[in-house]
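Note sheet for the following structure.
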2 protein chains.
Amino acid sequence: MEQRRADIIAEALEERIFDGTFSDGDRLDEVRLSEQFGVSRTPLREALQRLARSGLVELIPRRGAFVRQPGPVELMEMFEVMAEIEAVCGRLAALRISDAALQELHDANAKCQAAIDALEPDTYYIENERFHHIIYQQSGNSFLASEAGALHRRLKPFRRQQLRLRGRMDQSMAEHRIIVEALENGQPEAAADALRGHVAIQGEKFHSLMAALKSAAE
Amino acid sequence: MEQRRADIIAEALEERIFDGTFSDGDRLDEVRLSEQFGVSRTPLREALQRLARSGLVELIPRRGAFVRQPGPVELMEMFEVMAEIEAVCGRLAALRISDAALQELHDANAKCQAAIDALEPDTYYIENERFHHIIYQQSGNSFLASEAGALHRRLKPFRRQQLRLRGRMDQSMAEHRIIVEALENGQPEAAADALRGHVAIQGEKFHSLMAALKSAAE
DNA sequence: GTCAATAATCTTGTATACAAAAATAGTCTT
DNA sequence: AAGACTATTTTTGTATACAAGATTATTGAC
């Protein structure tokens with residue numbers, strides 16, 4: 001009975017979009033889904049609107065809600081923007097970061113390395129995420145940090161896929177160390193460039209992954 | 001009866017928030033507003049959720065919708081992000097811009113200048129907006145262009161205020177010319193720096209304006 | 001058999017009705 | 001008189017009912 005119901009439904013739908021239960025172009029039937037979730041159409045419609053806002057669903061007036069998976073082009077664009085935003089965070093953070101935060105970055109990196117050695121990709125993923133969020137925060141601009149976090153979250157399912165690529169985690173670690181070094185030495189442009197490259201390469205890896213999948217399917 | 005009703009209401013409420021009819025912290029009563037607009041609570045709640053998504057309203061579960069005007073700090077942060085995003089657009093556009101778009105930028109600038117000479121601030125404002133949107137588009141990244149446009153729109157009411165400052169329009173024109181020059185010569189960093197400065201100064205002007213208003217009120 | 005027009009059905013958008021949680025007012029106790 | 005507890009009243013969140021546009025099926029003409 002709380003407002004949370006729409007949130008719960010939105011999350012569940014999000015999950016189903018990510019895991020492929022719903023694929024691109026599918027229409028999300030309000031009555032069918034509301035029955036499935038055991039709620040009325042009202043909170044379900046609320047959830048759909050929330051998904052529309054985060055771009056997962058397109059709401060066409062009088063027609064319904066359609067799943068809208070970003071295509072390869074749009075994904076590349078989103079990764080490019082993510083790279084640029086992280087670069088900005090890094091440039092600002094190089095001037096504003098606190099000693100405590102630097103310590104936390106070192107800590108996150110150490111745990112990342114430990115996760116690689118222990119072959120625990122999930123732990124690696126979590127610590128990697130923490131690493132990036134610390135930099136967002138240390139930009140000293142909470143609006144920027146919030147926007148960066150939102151895009152980061154939106155790209156989550158796509159970034160995760162290409163973590164499995166051989167050697168990517170080791171390479172990523174090396175890049176993390178260069179980033180921390182630049183931040184530690186207060187070098188804005190170096191930090192920005194390192195972060196831009198670090199994120200942009202994810203987009204590129206994703207691109208080649210997509211291309212490989214596509215050619216394999218033919 | 002179209003879905004548009006919620007859009008219309010959202011826009012109307014947005015207007016009232018901007019023009020000061022509703023001020024920061026005000027609770028937006030669903031029944032009162034729905035009566036006022038002559039609709040039921042359903043589309044009105046939809047409109048509130050839309051406003052919540054663009055940050056103008058905070059939706060507290062079981063409590064209601066509260067107007068949330070960004071304070072000076074948050075505004076400064078938003079202008080900083082706008083400046084950085086425009087810088088990114090400029091850097092990418094310097095490499096990707098078309099001749100036709102360059103021509104359009106010249107055209108927009110010419111009309112801006114004409115508007116200044118004719119003392120038509122509204123025309124100036126429209127052409128200035130066009131100038132910036134062309135650069136967003138020419139970043140060659142439609143996701144970036146869309147994000148830039150969204151933030152631009154959100155800052156609209158605050159940017160407009162400080163256009164009235166003496167000499168700002170002339171200074172702005174000079175900056176526009178430098179920006180076009182950098183784009184024309186394909187100089188990414190020069191374009192980025194020029195755009196960053198051009199937008200950042202708006203935030204700073206706004207800041208001093210706010211400070212002036214505040215000290216005048218004491 | 002194909003196409004078009006129209007009727008039936010389905011689905012969305014909106015209104016109203018109801019339930020539960022907050023806010024408020026009032027009463028009782030100390 | 002102050003504070004706490006309870007009852008009342010608002011107000012939000014959800015369900016259901018209804019209206020109108022969109023979709024599909026059916027029928028008729030060519």
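Letters go in sequence order (proteins before strands), and every chain restarts at 1. As the structure is a prediction and not an experimental result, all values here were calculated from the model.
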key: Proximal nucleotide (of C:dT12, D:dT11, D:dG13) relative to the B:Pro61 side chain   = D:dG13
query = If you check the A:Thr42 side chain, which of D:dA15, C:dT11, D:dT12 turns out closest?
reply = D:dA15
inquiry  = Is it the case that atom CZ in A:Arg53 sees more than 12 heavy atoms from other parts of the structure closer than 6.0 Å?
reply    = no
query = Without hydrogens or angle criteria, can the side chains of A:Arg45 and A:Gln49 be said to hold a donor-acceptor pair below 3.5 Å?
reply = no
query = Side chains of A:Ser139 and A:Asn141: donor-acceptor distance under 3.5 Å anywhere?
reply = no
query = Would one find a side-chain N or O of A:Arg41 under 4.0 angstrom from OP1 or OP2 of C:dT11?
reply = no
task = Take the angle between the ring planes of A:His132 and A:Tyr136 and call it parallel below 30°, perpendicular above 60°, tilted in between.
result = tilted
message = Quick check on C:dA15: is either OP1 or OP2 less than 4.0 Å from any side-chain nitrogen or oxygen of B:Ser40?
response = yes
task = Grab the CG-P distance between A:Asp29 and C:dC10 for me, whole Å please.
result = 12 Å
request  = Grab the CD1-C1' distance between B:Ile60 and D:dG13 for me, whole Å please.
outcome  = 16 Å
request  = Provide, to the nearest angstrom, the distance between the CZ atom belonging to B:Arg62 and the C1' atom belonging to C:dA19.
outcome  = 9 Å
task = Take the protein atom CD of A:Glu46 and the nucleotide atom P of D:dG13, then report the distance between them rounded to whole Å.
result = 8 Å
remark   = Heavy-atom nearest nucleotide on DNA chain D taken for A:Val39 and for B:Leu28; more 5' hit belongs to B:Leu28
remark   = Here the distance between atom P of C:dT14 and atom CG of B:Leu33, to the nearest Å, is 16 Å
message = Is A:Arg63 close enough to C:dG13 that one of its side-chain N or O atoms is under 4.0 Å from OP1 or OP2 there?
response = no
Euclidean distance, atom CZ of residue B:Phe66 to atom P of D:dT12 [Å, nearest integer] = 9 Å
request  = Not counting sequence neighbours, which residues clear salt bridge (Lys or Arg N to Asp or Glu O under 4.0 Å) with A:Arg68? List them please.
outcome  = A:Glu74
message = I want to check one thing: is the phosphate of D:dT11, taken as OP1 and OP2, less than 4.0 Å away from some side-chain N or O of B:Arg32?
response = no
query = Are any of A:Arg5's side-chain N or O atoms less than 4.0 Å away from OP1 or OP2 of D:dA15?
reply = yes
ask   = Could you give the CZ-to-C1' distance, from B:Arg45 to C:dA15, as a whole number of Å?
value = 14 Å
key: Rounded distance (Å) that lies between atom P of C:dC10 and atom CD of A:Glu35   = 13 Å
